[in-house]
Amino acid sequence: MKKIFALLMIAVMTLSLAACGKTKDETTTNPETTNAKFKAGTYEGTAKGFGGDIVATVKLSDDKIEDITVVGDSETENIGSVAVETLPALMVQKQTVDVDGVSGATVSSDAVKAAVTNALESAGVDVSALVPAEAEEAETAKTEETLDYDVVVIGGGGAGMTSAIELKNAGLNVVILEKMPMLGGNSVKATGGMNAAETKVQEKLGIKDSVEQFVQDTMTGGHNLNNIDLVRTLAENSADAIDWLESIGAPLSEVTFSGGATNKRCHRPEGGAAVGSYLVDVFSKDLDKLDIDVMLNTKATELMMDNGKAVGVKAESDSTDYTINAKAVILATGGFGANEELYTKYRPELAGYVTTNAPGATGDGIVMAEAVGANLVDMEQIQTHPTVEQTTSIMITEGVRGEGAILVNQSGKRFTDELLTRDVVSDAIVKQEGNYAYIVFDQALRDRLSAIDSYVENGITVQADTIEELAGLINVDSATLAETLSTWNKAVEAKKDAEFDRTTGMDYDLTTGPYYAIKIAPGVHHTMGGLEIDTQAEVMNTEGNVISGLFAAGEVTGGIHGGNRIGGNAVADIVVFGRIAAASAIDYLK
């Protein structure tokens, strides 16, 4: 059983959350005729969560909330699921619905609170009048603790978990520090897939591709600002990374197009499921199986150095200040796309943009490493994702366009090749009237790509039996939209897009009702800049030398993606360089 330190949800470990049926208790007390605070019994409430209905069962005695059980199986694993698992115990502990939600899982947290509120109100409880229970003990001063490991990994996203798994398999004592209450970081939000070339999966499917074409596409997509050595390292190790994922129980058995790719090389789970939550779930289970220590709600604050070598980290939780000694440190803290103050420092014009990033992506690792002399590269290179639903910040995976969806403007017309690089498509959308567009697709595409189900469940899609009806629902001229679809379907049949020369994602037409549309606009998505590393994932200082014992992987680094990241390369980045960082740390310790 892995050790979880400084976990915010202590109550989960001490309270029984036995499931209760709806109003099963026949013996109740009427608070109007007694001094009872509540009408004892068991009550049920429901609310709409991020992925579906959340059902709360609340058991009341005469004077207290005895138990709360919440079921929300459709909430995103390792994000919304954390709110479902932890908030009920906190509510029982504090005897109120007014508790802090789980950072990064706002929709699910609010839904849990709403479901519990509905249950209490069905019992006649005035929820606004509930007074939080007094703490049993006064707040005490923080304790201090010193820990010793071979390697400390800062950041529990995809790169950090990949590194930790490889380190543990090599027999090293490793710990992951994660400032959020759950693992996953930005990785859990990835929806498309992982780019890889010359893989066994491609060969089985008859897809011709090459490492050299992968390199060329990545350089072209990044406007040739990329570090060519890092790009080549990414591409050359990508097929082996796919094999490694399969070996740990995470096969990516389907391949589709991503924007900017010449060939099909974006590998995804069977059925088109979102790749991020799929991989994070497998990684998390591996951490458990390997008994890797994970310290959640624990923020690294300072890198410890000795004669120019990284020798550990200072960290803190709500209750403890940690000194963690280590022989090597791997930074996997992600980018800074959730830190508007930082990204507008480099790109002021992005002020006010929504972000697709998890709330933990605030650039902490970059700041810590810069403080010990690390060099930063490409910090002004910040990518917007073109298809983001603005009210929820839900990113519509590039796989939707890769499977044949089109973009139309307010006039109902296409205006670009939908699978150009993200920066180009984003710019094209911003230039349309109203600075937005609609992504349009059909039922057949939805059937091919299960990731779409979550968009429907979250109420961000518009659906109609015919294109004309869909046009009316999104206030677009019906004749124009119908003509746009007809022209596109003819282009697919002829394998020639005379309007915008699109050549990829044209395997399927859009002819199967019902039809769907999602209103989208760009959002801040990926920060290409960060720490300078070499091909061994060693962090470089401002003088061009390696900082001994300090390694980095994932979005915390810069140089790989240049001026624009190709869709599918982020997952490749975290797996390939997560493994390389681990291998380099292992060699360093030898």
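Values reported hereafter were calculated over all heavy atoms of this structure, with side chains retained and with hydrogens, waters and symmetry mates removed.
Residues meeting the ring-ring contact (aromatic ring centres under 6.0 Å, His included) test with Tyr343, sequence neighbours left out: none. Under the ring-ring contact (aromatic ring centres under 6.0 Å, His included) criterion, His267 pairs with no residue at all, not counting sequence neighbours. Residues meeting the side-chain contact (heavy atoms from CB on, under 4.5 Å) test with Thr384, sequence neighbours left out: Leu350, Tyr353, Ser426, Pro522. For Asn435, the side-chain contact (heavy atoms from CB on, under 4.5 Å) partners two or more places apart in sequence, or in a different chain, are Val430. Under the ring-ring contact (aromatic ring centres under 6.0 Å, His included) criterion, Tyr515 pairs with no residue at all, not counting sequence neighbours.
Under a cut-off of 6.0 angstrom, the local environment of NZ in Lys168 is crowded, with over 12 non-hydrogen atoms contributed by other residues, nucleotides or ligands. In this structure, Glu246 places its CD atom where only 12 or fewer heavy-atom neighbours from other residues, nucleotides or ligands lie under 6.0 Å away. Within 6.0 Å of CG on Asp126 lie more than 12 heavy atoms contributed by other residues, nucleotides or ligands.
Of the possible polar contacts, one joining the Ser122 side chain to the Ala119 backbone as a donor-acceptor pair under 3.5 Å is found.
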- Thr392/Asn458 under side-chain contact (heavy atoms from CB on, under 4.5 Å): CA gap, chis, key distance, verdict: CA-CA 9 Å; Thr392 60; Asn458 279 285; 5.9 Å; no
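A salt bridge links Arg268 and Glu403; the closest N-O separation between the charged side-chain nitrogens and carboxylate oxygens is under 4.0 Å. Ion pairing of Lys37 with Asp63 is absent here, as no side-chain N (NZ or NE/NH1/NH2) approaches a carboxylate O to less than 4.0 Å. Using a 4.0 Å cut-off between charged nitrogen and carboxylate oxygen, Asp98 and Lys113 do not count as a salt-bridge pair.
Residue pairs satisfying the ring pair (Phe, Tyr, Trp, His ring centres under 6.0 Å) criterion with at least one member in residues 440-464, sequence neighbours excluded, are listed as follows: Phe441-Tyr516.
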